[in-house]
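Notes follow once the structure below has been shown.
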Amino acid sequence: MNPYTGAIAWLLDPAHWTGDGSIPQRLTEHILYCLITLVIAMIIAIPAGLYIGHTGRGRAIVVPFTGALRALPTLGLVILLALWLGLGLIPPLIALVVLAIPPILAGAYAGVESVDPVTRDAATATGFTAWGVLTRVEVPLALPLIVGGIRSATLQVIATWTVAAYLPLGGLGRFLYDGLPVRNYAEMLGGSILVILLALVVDGLFALTQRFVTPKGVIAGRVRDVRTPTRSTQRKERTWFAPEA
Amino acid sequence: MIEFRAVTKRFPDGTLAVTDLDLIIPPHQVTVFVGSSGSGKTTILRMINRMVDPTSGSVLIDDVDIATLEPVALRRSIGYVMQNSGLLPHRTVIDNIATVPLLDGVKRAEAHKRAYELMDVVGLERSLATRYPAQLSGGQQQRVGVARGLAADPNILLMDEPFGAVDPLVRAELQVELQRLQRELGKTVVFVTHDIDEAFLIGDQVVLFKPGGILAQAGPPAELLQHPADDFVTSFIDAGRPRSILR
Amino acid sequence: MIEFRAVTKRFPDGTLAVTDLDLIIPPHQVTVFVGSSGSGKTTILRMINRMVDPTSGSVLIDDVDIATLEPVALRRSIGYVMQNSGLLPHRTVIDNIATVPLLDGVKRAEAHKRAYELMDVVGLERSLATRYPAQLSGGQQQRVGVARGLAADPNILLMDEPFGAVDPLVRAELQVELQRLQRELGKTVVFVTHDIDEAFLIGDQVVLFKPGGILAQAGPPAELLQHPADDFVTSFIDAGRPRSILR
Amino acid sequence: MNWFAENWQQLLAYTAAHVGLSIPPIVVGFALSLPLGWLANRYRASRGILLSGAGILYAIPSLPLFVLLPSIIGTKILDPMNVEVALSLYALALMLRTTADGLAAVDGDVKLSATAVGYGAWRRFFGVELPLAGPVLLAGLRVVSVSTVSLVTIGSVIGVNSLGFYFLDGYQRDFPLEVWVGIVGTLIIALVFDGVLTLGGRLLMPWTTGRAARRAMRKVSMAAVNA
Amino acid sequence: ACSSGNPLDTSSSAAGGSSSGSSVVVGSAAFPENEILAYVYADALNQNGIKATVKPNIGQRDAYIAALKDGSIDLVPEYTGNLLQYFDAKATAQSSDDVYNALKTAVPSGYGVLAKAEAQDADSYNVTKAFSDQYGVKSLDDLKKVTIPLKVAANPEFQTRPYGIPGLKSEYGVTATLVPISDGGGPNTVKALTGGDVQLADIYSTTPAIKSENLVTLSDPKNMILAQNVVPLISDKAATDKVKAVLEKVQAALTTDDLIQMNTKSSVDKESADQIAKEWLKSKSLF
Ligand SMILES: Nc1ncnc2c1ncn2[C@@H]1O[C@H](COP(=O)(O)OP(=O)(O)OP(=O)(O)O)[C@@H](O)[C@H]1O
Ligand SMILES: Nc1ncnc2c1ncn2[C@@H]1O[C@H](COP(=O)(O)OP(=O)(O)OP(=O)(O)O)[C@@H](O)[C@H]1O
Ligand SMILES: [Mg+2]
Ligand SMILES: [Mg+2]
């Protein structure tokens with residue numbers, strides 16, 4: 001039996017749909033772990049990202065730091081924390097939050113930074129308070145990128161919780177680590193399929209959300225042609241006189 | 001009346017953008033700042049609504065030092081129009097025009113009513129009200145910008161190269177329109193441009209700056225033309241004038 | 001001599017950019033295309049070096065239909081200068097000037113020698129040779145652009161708003177320079193601009209286009225001024241002329 | 001410190017293995033991203049297909065991919081190739097969008113003027129578009145390099161050893177020092193790679209002034225967000 | 001001689017004139033004792049002029065046997081009982097010799113086991129002293145008396161092994177759930193037991209912590225867990241007479257106490273596997 005038909009059979013086997021360690025149970029656990037991770041990461045990263053994007057302060061520290069966080073091997077971090085803190089959800093949770101922070105942070109500050117300085121400037125000049133500029137101008141315009149950051153963090157978190165199941169944990173990664181020592185391809189592949197499906201469904205939902213949160217006016221202004229612009233001279237502002245500094 | 005008293009501005013990076021400026025901008029007239037790129041026009045204009053604060057010296061509006069005023073409130077009381085309009089891309093035309101009244105807590109329906117009237121004033125079709133800025137032409141965007149500047153019925157209107165980014169034909173049209181508006185409304189207008197022709201066309205008073213925000217000459221157009229203060233003024237005016245031997 | 005015979009261009013998206021154009025561009029003279037934005041000037045210019053191919057009709061250079069020529073070779077034989085200079089940002093000034101000779105396989109040392117001479121011709125200090133374009137002022141960049149256009153010693157030089165992006169003072173300087181160059185070199189220059197003043201200043205022949213690439217009038221400046229073909233021509237010239245009542 | 005004195009040979013060997021495992025995926029992912037990135041910009045349909053394909057690829061967790069590759073590509077189970085292929089796919093998935101965006105972001109005027117002075121299509125791609133997309137590509141490559149170096153450690157779970165060995169060994173022996181060695185070693189390798197790339201970029205692209213490079217970096221940080 | 005501890009250096013060899021062909025690749029399971037044994041074999045071979053390298057940390061039995069079958073490795077330290085059950089799930093042999101003899105016939109062709117060592121290292125069920133006293137549990141049979149739900153800490157594969165969860169159910173009628181801890185009955189498994197996260201832990205009988213933590217190893221009256229002598233599993237291709245001779249010598253010297261000491265050095269003194277292997281070989285004058 002090739003691994004794929006085996007995996008399908010494994011997935012369809014009613015025995016795997018009830019009881020302890022069943023697919024619904026592992027799936028629920030996995031989603032729960034991911035949700036907790038993301039909520040914590042967002043609580044930390046979004047305000048920080050907005051602050052950096054809005055003020056431009058701290059960028060020089062935070063950008064290389066998040067780069068370094070990306071280099072941190074999650075498996076190592078999970079294990080280190082597990083040796084430190086013992087069994088339970090907390091060690092991998094910390095490691096996964098650390099993993100989720102960089103993309104969310106980057107999305108938030110890149111989003112705010114991507115707002116045209118002219119727009120921001122004009123908003124201030126017309127009498128928006130600093131808070132007003134942030135909440136009514138920058139955040140709405142940054143929302144697609146903010147959601148983009150959360151989206152990419154979510155995908156990473158979904159994938160990495162499976163790796164973290166090296167520790168005694170639930171979640172879909174269980175199927176991988178349980179199948180691995182006995183080379184139960186059906187179980188491992190079945191589990192992988194579940195993870196991938198979960199990731200794709202979530203990704204699809206995010207794609208919809210991202211479209212939904214993109215301000216209509218921004219869509220209207222977007223260049224539709226994906227090819228390289230060959231008419232760029234036309235789109236460029238008419239610098240009839242001297243160029244703006 | 002707007003008054004600059006010994007105003008100097010040095011940016012944190014050391015750039016000296018405005019040097020010891022004394023200037024009086026008379027009310028209910030159009031004062032045009034002109035000068036080449038980087039001569040400090042924008043910086044000086046922005047001192048009037050405290051987008052920039054002077055390093056030393058003071059700016060007074062109707063004899064009140066604006067350093068004592070709350071910036072946000074001050075800005076809402078002064079109209080500001082800029083090149084590329086600076087409209088909020090995620091708000092419709094009508095909401096953009098009504099920005100300041102809405103910020104001031106005016107009811108939506110009322111703010112929109114006034115905004116529709118302003119669309120008439122600046123010559124915009126009311127049918128454009130629900131479009132987004134990106135769906136308008138450059139000239140239309142500038143009109144929206146002017147309407148927004150007028151929405152709070154300010155006494156002072158600051159315009160920073162408002163027509164710098166539009167087609168020459170449209171530009172000529174907008175210049176005419178601005179002159180009509182000004183006849184009707186009689187605001188204190190401070191207008192920044194690169195274009196000496198434009199300055200002479202619409203300015204009651206023209207202020208020419210040298211690099212470093214140094215005042216070269218200020219006065220009615222005729223005075224600058226007939227009695228240029230120095231060679232800089234002469235050469236600046238000449239560079240902007242028609243050079244074709246045919247005229 | 002460059003000749004347009006019944007040339008029409010419709011872009012794939014349906015835009016009719018050039019409509020049934022018949023035009024003769026005389027050799028060793030400066031012909032200026034002028035017209036408002038979107039009137040097809042650039043499109044027409046680019047037909048000369050086959051950056052755009054006509055939908056119907058033909059373009060001839062010295063009586064040869066260029067549709068029969070190999071585009072890449074044709075382009076190397078024609079100088080092209082554009083707004084914002086279009087320099088290669090990753091090449092030094094001297095390499096930029098030598099682009100075409102280098103493409104043609106001329107040895108580096110030789111190509112550079114010629115390029116240094118061209119720097120003198122267009123009035124650039126030789127010490128700038130090893131800089132990158134971003135390290136030059138706008139005016140200097142345009143000079144490099146012109147030098148590059150001249151590097152292969154072409155008979156034809158196409159210039160698309162070459163001075164559109166520089167300061168008025170620098171612009172005036174470059175215009176004078178171009179006139180001097182042209183007196184010395186006597187190329188066939190096709191020059192695109194928005195600015196009717198500029199057109200009248202440097203054009204031996206001025207060609208005015210209406211939107212849709214329709215020829216409004218072609219002739220020496222004096223003819224357009226004294227005998228405008230229709231109201232469009234009159235209003236276009238008027239919009240560009242000084243409007244200040246003071247002159 | 002005693003540990004280092006006794007284990008430096010092993011540490012060196014695993015470090016070498018780690019470096020050796022990291023380089024091919026980065027190179028392969030980058031090389032493949034060029035033609036595919038070009039293709040992504042060429043047609044609307046190809047862009048959609050390629051970029052969503054990359055998205056899906058990146059959603060596949062690494063561990064199952066490592067385990068399943070032998071059955072897909074017919075390698076032996078301890079063959080490092082399993083890890084290499086999987087990581088190359090990730091590198092490609094990460095790099096593709098950046099390359100596509102980087103190539104698309106090359107100033108249209110410059111491309112146009114290159115065409116106008118007589119560059120042929122190929123020459124233009126390699127002589128103009130590729131170098132000008134350089135700063136963006138470099139920034140993307142740095143992200144890919146960092147993430148590959150970090151992902152290599154997971155190979156240890158299936159017996160393809162690198163510094164990741166110390167994670168598992170340290171766990172089994174309740175020996176945090178080894179886990180630290182693994183983590184810090186991985187970070188150092190990532191840092192060195194990053195330094196090499198940055199330096200290489202500076203040498204290869206002398207025209208990138210600080211400002212331009214920073215702008216490119218920003219572009220990519222955005223691209224990476226949506227990767 | 002200072003043989004390199006380099007597990008990847010394929011040319012690592014103490015003596016010059018080694019066998020002309022490719023070197024012997026010694027694999028190991030992903031737990032420290034097995035890794036040490038792999039180094040013991042490899043170092044001994046190298047010492048006797050046979051090039052050998054170690055591929056540690058391959059995984060569990062299914063993984064390294066697959067690696068043996070596809071030629072990625074040639075040799076791996078094994079344990080007779082579990083290996084017999086792996087090849088023949090219905091095996092009935094119990095005594096050390098019976099198991100070894102049964103194993104010799106159960107091993108598929110192309111592979112073989114060499115002489116078994118006296119050293120044994122079996123899976124064993126352990127409980128804390130407190131638990132044992134509270135419920136009066138001394139053997140697996142006694143577990144039936146325990147009223148609370150039982151959790152066992154062990155490697156993930158314990159879920160399916162005959163001596164694991166299934167055996168507990170079929171042999172002793174005890175239902176337990178697994179808490180999978182991938183450290184091969186190492187310190188984390190012990191911690192889970194002593195910390196009260198689980199009631200039972202599968203710990204290898206040679207683990208020093210059994211003594212130091214005062215654990216109670218439950219007896220196995222039904223002999224669910226077979227005798228587990230250390231034995232090299234080797235492919236015929238690699239099993240030259242010279243290799244066999246070297247390994248037989250090693251096997252003859254290896255005792256259960258040696259295993260316990262080696263494990264102490266690994267988990268308590270944090271010495272590296274290669275180092276422990278060399279020290280042991282020296283102590284037996286094999287190095
Ligand atoms: N925030 C700032 N920090 C540092 N220098 C600045 C800042 N804003 C402006 N400058 C500098 O101050 C000088 C005056 O700038 P300003 O924008 O006022 O000139 P301008 O006359 O409006 O020019 P333009 O015609 O190009 O708009 C310039 O040299 C400019 O570079
Ligand atoms: N590649 C293209 N595809 C579709 N339409 C195009 C293309 N290039 C130009 N056009 C359209 O053709 C018309 C003429 O364009 P062209 O660039 O020739 O005008 P122009 O006179 O040079 O304008 P400008 O002064 O703004 O440079 C415009 O409506 C433009 O939008
Ligand atoms: Mg300005
Ligand atoms: Mg054009």
Side-chain angles (χ1 to χ4, degrees), chain A residues 55-57 111-147 210-225 232-245, chain B residues 35-38 42 45-46 49-51 70-93 95-96 99-100 102-104 131-136 138 145 148-149 151-152 158 160-161 163-168 170-171 193-196 198 240:
Chain A
T55 61
R57 240 174 285 166
V112 175
E113 273 177 3
S114 73
V115 175
D116 188 348
V118 172
T119 303
R120 199 177 311 172
D121 189 69
T124 311
T126 41
F128 279 87
T129 57
W131 181 247
V133 171
L134 180 68
T135 56
R136 298 204 222 167
V137 180
E138 289 175 332
V139 169
L141 289 173
L143 218 48
L145 275 178
I146 295 177
V147 175
Q210 234 168 337
R211 189 164 307 171
F212 182 72
V213 299
T214 306
K216 282 204 201 75
V218 174
I219 297 173
R222 199 176 278 161
V223 186
R224 299 211 173 265
D225 197 347
S232 60
T233 40
Q234 252 114 58
R235 251 188 253 111
K236 221 163 248 166
E237 61 186 58
R238 272 272 76 82
T239 38
W240 173 261
F241 298 94
E244 268 293 317
Chain B
S36 56
S37 195
T42 298
L45 189 78
R46 289 167 151 242
N49 66 355
R50 293 200 61 189
M51 292 288 285
E70 208 283 305
V72 171
L74 177 72
R75 287 175 201 144
R76 289 190 194 168
S77 73
I78 295 179
Y80 190 90
V81 186
M82 56 203 281
Q83 189 179 8
N84 298 320
S85 75
L87 299 175
L88 300 180
H90 60 303
R91 301 256 177 105
T92 57
V93 164
D95 278 334
N96 260 292
T99 303
V100 179
L102 288 174
L103 279 177
D104 278 337
R131 293 218 191 158
Y132 289 96
Q135 298 167 322
L136 303 181
R148 181 175 66 175
L158 308 180
D160 194 352
E161 302 193 45
F163 311 144
V166 292
D167 217 54
V170 178
R171 186 182 176 121
T193 180
H194 269 108
D195 182 355
I196 190 86
E198 188 171 65

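As a basis for the values below, the full set of heavy atoms in this structure was taken, side chains included, without hydrogen atoms, waters or symmetry mates. Order of the sequence lines sets the chain letters (A, B, ...), proteins ahead of strands, with each chain counted from 1.
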For B:N49, is there any backbone N or O sitting under 3.5 Å from a side-chain donor or acceptor partner on B:R75?
yes

For the residue pair B:Y80 and B:R46, establish whether any side-chain heavy-atom pair is separated by less than 4.5 Å.
yes

Do you know which of A:T119, A:T124, A:V115 has the most heavy-atom pairs with chain B at a distance under 4.5 angstrom?
A:T124

Where does B:L87 contact chain A at under 4.5 Å (heavy atoms): side chain, backbone, both or neither?
backbone

Smallest separation among heavy atoms of B:V81 and B:G149, with atom names:
CG2-CA, 4.4 Å

Run the side chain to side chain contact (heavy atoms under 4.5 Å, CB included) test on A:R136 and B:L103 for me, step by step, so that the C-alpha distance in whole Å, both residues' side-chain angles and the decisive distance to 0.1 Å come before the verdict.
CA-CA 11 Å; A:R136 298 204 222 167; B:L103 279 177; 3.7 Å; yes

Counting only non-hydrogen atoms closer than 4.5 Å, does A:R120 touch chain B with its backbone (N, CA, C, O), its side chain (CB onward), both, or neither?
neither

Whatever's closer than 4.5 Å to a heavy atom in chain A on B:P89 counts as both

Is it the backbone or the side chain of A:D116 that comes under 4.5 Å from a heavy atom of chain B, or both, or neither?
neither

Are side-chain heavy atoms of B:T193 and B:F163 found at a separation under 4.5 Å?
no

Given a strict heavy-atom distance threshold of 4.5 Å, which part of B:R148 is in contact with chain A: side chain, backbone, both, or neither?
side chain

